[in-house]
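Heads up: the structure comes next, in structure tokens.
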Amino acid sequence: MITRRVEDLGAFGGAPAFAEPLPVGQLYVPDWDKAEAVFREIFRRRYFTNHGPLVRELDKRLAAYLEVGHAVCVTNGTVALMVALKALDLRGEVIVPAFTFPATVQSLTWAGLTPVFCDVDPATHNITADLAGPLVTDRTTAILGVHVWGRACDPDGLEALCAKRGLALLYDAAHGIDCTYRGRRIGGFGKVETFSFHATKVFSAAEGGCLTTNDDALADRIRAVRNFHLTEGKANVSLRINGKMTEAQAAMGLLALDDLPRNVAHNSSIWNVYRKRAADWRGVRFVDTAGGERSNFQYAVLEVDPANCPLQRDTLYRLLRTENVLARRYFMPGVHRTPPYCDEFRGVLPVTDSLCARLLQLPVGAAVTTDSASTICDLVQFYLENSEEIIQRMRQAGGQQDS
Ligand SMILES: *Cc1c(COP(=O)(O)O)cnc(C)c1O
């Protein structure tokens, strides 16, 4: 560990510990020569979109990888959700967490549905059948679960609840690629699951996404909704959109699929550094993966207990950012506190609010090494050990620390 003094911290005018910013987003970059070769082929064919050979190959390879009947690639994860909701022809109310990325809920509004916010379990950060059950009304038509941090969102409980109440179950699996539940890969749960291939995700096509299902008829409807034109898919759907993935995205996706095991292993090595070191930090819980399941280790999540940690979550966040450690506070604010939902929401989501105030995500992914993770841990440890002096100095600096 490098010896540090409080006055030398980035927060008090010292040079940041890292010259380059370390993001939480994965920012995977494929091998340049391989990328050049596939892009040359796209240019040679002059076939850029409309279900080209690379999109068809990616659909096939993803279905095999995720051990599911159909994978249908689309423009991005948000469109994947919108397409899923239209393909299911849902009406009325859909139960959804507010502890998620805003797109999960916004897709419901775009599809003309009413989101009904469900609080989450403090241990798993996911909605459960016990929490969702009391929210079911005669207007409810579906439950949209989110596998937060790649941990499966109560598939057994929610399947049983949906079967009993005649609801459709679907999942936002944007965090869930390469993760399992009882040994089965995420992708085959509920009626349909949706993935995001955004550049910040562990599987990146720069932008992109897909829908997965084991239901042949639903897959036909998904393919129909994906294309505004009647030529694709004869399924009788109420509304279509342009959700087609391009060949350039599929090229990136195919390269990312080849590299996925290596990228997950890289994440895992960084994640394990944080996990081991965080065990010694007072008032900090490292959010573990589900025991015995596969994870993509995409998010290293700390839960900072305001009553026991010597520093508040937001103080740690600000201190780290001054060292070029671009930690995040997902998912703050909860979606129920964002427009347009905040105007109408009258309920209470105590666990969601508490998590939004407590969680901190540390950098993982292609730009991070185990050495930089160790340095980040050294910093956090130094902050915690010198909390009183740090707080005092921050007070002296006054409002400057609030920016
Ligand atoms: C990233 C993300 C999305 C949105 O996916 P895009 O591909 O960026 O549209 C939706 N839900 C969750 C949980 C996400 O993390």
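The model shown is predicted, which means the values in this text are computed figures rather than measured ones. First listed ligand is number 1; within each ligand, the first listed atom is number 1.
The ring-ring contact (aromatic ring centres under 6.0 Å, His included) check on Tyr171 picks up His147, with sequence neighbours excluded. Applying the side-chain hydrogen bond (donor to acceptor under 3.5 Å, both in side chains) test to Glu7 and every residue at least two apart in sequence or in another chain returns nothing.
Atom CD of Glu36 is surrounded by more than 12 heavy atoms from other residues, nucleotides or ligands within 6.0 Å. Sparse packing is recorded around CD of Gln392, with 12 or fewer heavy atoms of other residues, nucleotides or ligands lying under 6.0 Å away.
Against a heavy-atom cut-off of under 4.0 Å, Thr104 is close to the following atoms of ligand 1: 11 (N). Heavy-atom contacts of Ala174 reach the following atoms of ligand 1: 2 (C), 11 (N), 12 (C), 13 (C), 14 (C), 15 (O) (cutoff under 4.0 Å). If you number the atoms of ligand 1 from 1 as listed, the ones under 4.0 Å from a heavy atom of Thr78 come out as 4 (C), 5 (O), 6 (P), 9 (O).
Note: Tyr274 and Trp281 fail the aromatic proximity criterion, with ring centroids not under 6.0 Å apart. In this structure, the ring of Phe195 has its center no less than 6.0 angstrom from the ring center of Phe203.
Residue contacts with ligand 1 include Gly208, since one or more of its heavy atoms lies under 4.0 Å from the ligand.
Where the criterion is an N or O separation shorter than 3.5 Å, residue side chain and backbone included, His175 meets it with respect to ligand 1. Here's the thing with Gly77: one of its N/O atoms is less than 3.5 angstrom from an N/O atom of ligand 1. Every N/O-N/O distance between His198 and ligand 1 stays at or above 3.5 Å.
Here the shortest heavy-atom distance to atom 2 (C) of ligand 1, taken over Glu207, Gln106, Lys201, belongs to Lys201. Nearest-residue assignment for atom 11 (N) of ligand 1 (options Asp172, Val74, Leu81; heavy-atom criterion): Asp172.
Protein heavy atom at the shortest distance from atom 3 (C) of ligand 1 is Phe101 CD2, 3.5 Å. The protein heavy-atom contact nearest to atom 5 (O) of ligand 1 is Ser196 OG, 3.2 Å.
In summary, of the residues considered (His125, Gln298, Gln361), a side-chain hydrogen bond (donor to acceptor under 3.5 Å, both in side chains) with Trp149 occurs for His125 alone. Exactly one residue among Val202, Leu260, Thr200, Asp259 makes a side chain to side chain contact (heavy atoms under 4.5 Å, CB included) with Tyr28. That residue is Asp259.
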